[in-house]
Amino acid sequence: MATLIDQEFFARLHALNEKFAASVPATLARLEELRAQFDPASADAALVKELHQSLHTIAGSAATFGFRVFGAQARQLEQRLRVLMAFELIAPKDWNDWLHALDEYIAWSRLDPKAASYPGQAD
């Protein structure tokens, strides 16, 4: 009986993994849309909040479905964004630095979101 339950569990987990993998292109497209709307000289609070939420969702789900580095990098971006959100005034240069990191993340993710390493990071 335990074998049947394990098989069902792993079948459901595999289906969820496939669903997550299929959602990655749309998730990246949404991040690109938000990024394109972002004005570093006048950051929109709602846009910042949606970027934060998107990265938080990726970070929380990715490792569960075998996208460990994809999720870890999202977590780093999310944490950097959270630090920026804590300040009342943020210089455009600080926003641009963060946006550059977001651009690199999106470009890397488009190539292989299931990669085992991220450029410039130790394994």
What donor-acceptor contacts under 3.5 angstrom involve side-chain atoms of residues 86-93, with partners at least two apart or in another chain?
{"from": "K93", "atom 1": "NZ", "to": "D97", "atom 2": "OD1", "distance (Å)": "3.4"}
{"from": "K93", "atom 1": "NZ", "to": "D97", "atom 2": "OD2", "distance (Å)": "2.8"}

Review point. Is the side chain of Y118 donor-acceptor paired with the backbone N or O of F70 at a distance under 3.5 Å, no angle test?
Key: no
Check your understanding: Is a side-chain donor-acceptor pair under 3.5 Å present for T57 with Q53?
Key -> yes
Review point. Taking the side chain as C-beta and beyond, is there a heavy-atom pair between V48 and L81 under 4.5 Å?
Key: yes
Exercise for review: Taking the side chain as every heavy atom from C-beta outward, state whether L51 and L102 have any atom pair closer than 4.5 Å.
Suggested key: yes
Check your understanding: Around atom CZ of R110, are there more than 12 heavy atoms of other residues, nucleotides or ligands at under 6.0 Å?
Key -> yes
Point to revise | Gap separating the CG atom of L13 from the CD atom of E18, nearest 0.5 angstrom | key: 10.5 Å
Check your understanding: Can you name the closest pair of heavy atoms from W108 and S117 and give their distance?
Key -> NE1-O, 3.3 Å
Revision key, fill the gap. One should read off an interatomic distance between E104 CD and Q73 CD, to the nearest 0.5 angstrom, of 10.0 Å
Review point. Rounded to the nearest 0.5 Å, how far does NE2 of H56 lie from CD of Q79?
Key: 11.0 Å
Point to revise | Side-chain heavy-atom pair L31, Y105 within 4.5 angstrom cut-off | key: yes
Study note, to complete from the structure: All heavy atoms of E78 vs all of A59, minimum pair found to be OE1-CB, 4.1 Å
Check your understanding: Should L111 and V69 be counted in the same cluster of Ile, Leu, Val, Met, Phe, Trp and Tyr side chains packed under 4.5 Å apart?
Key -> no
Point to revise | Separation of N96 CG from F38 CZ (nearest 0.5 Å) | key: 8.5 Å
Check your understanding: Would you say R68 and K114 make side-chain contact, with heavy atoms under 4.5 Å?
Key -> no
Practice item. Would you mind checking if E32 and R35 are paired as a salt bridge, meaning a charged N to carboxylate O distance below 4.0 Å? Key: no
Review point. What is the ring orientation for W98 with W95, classed by angle as parallel under 30°, tilted 30 to 60°, or perpendicular over 60°?
Key: perpendicular
Check your understanding: What's the spacing between I58 CD1 and R30 CZ if we round to 0.5 Å?
Key -> 12.0 Å
Exercise for review: Working to the nearest 0.5 Å, report the span between OG of S61 and CG of N17.
Suggested key: 11.5 Å
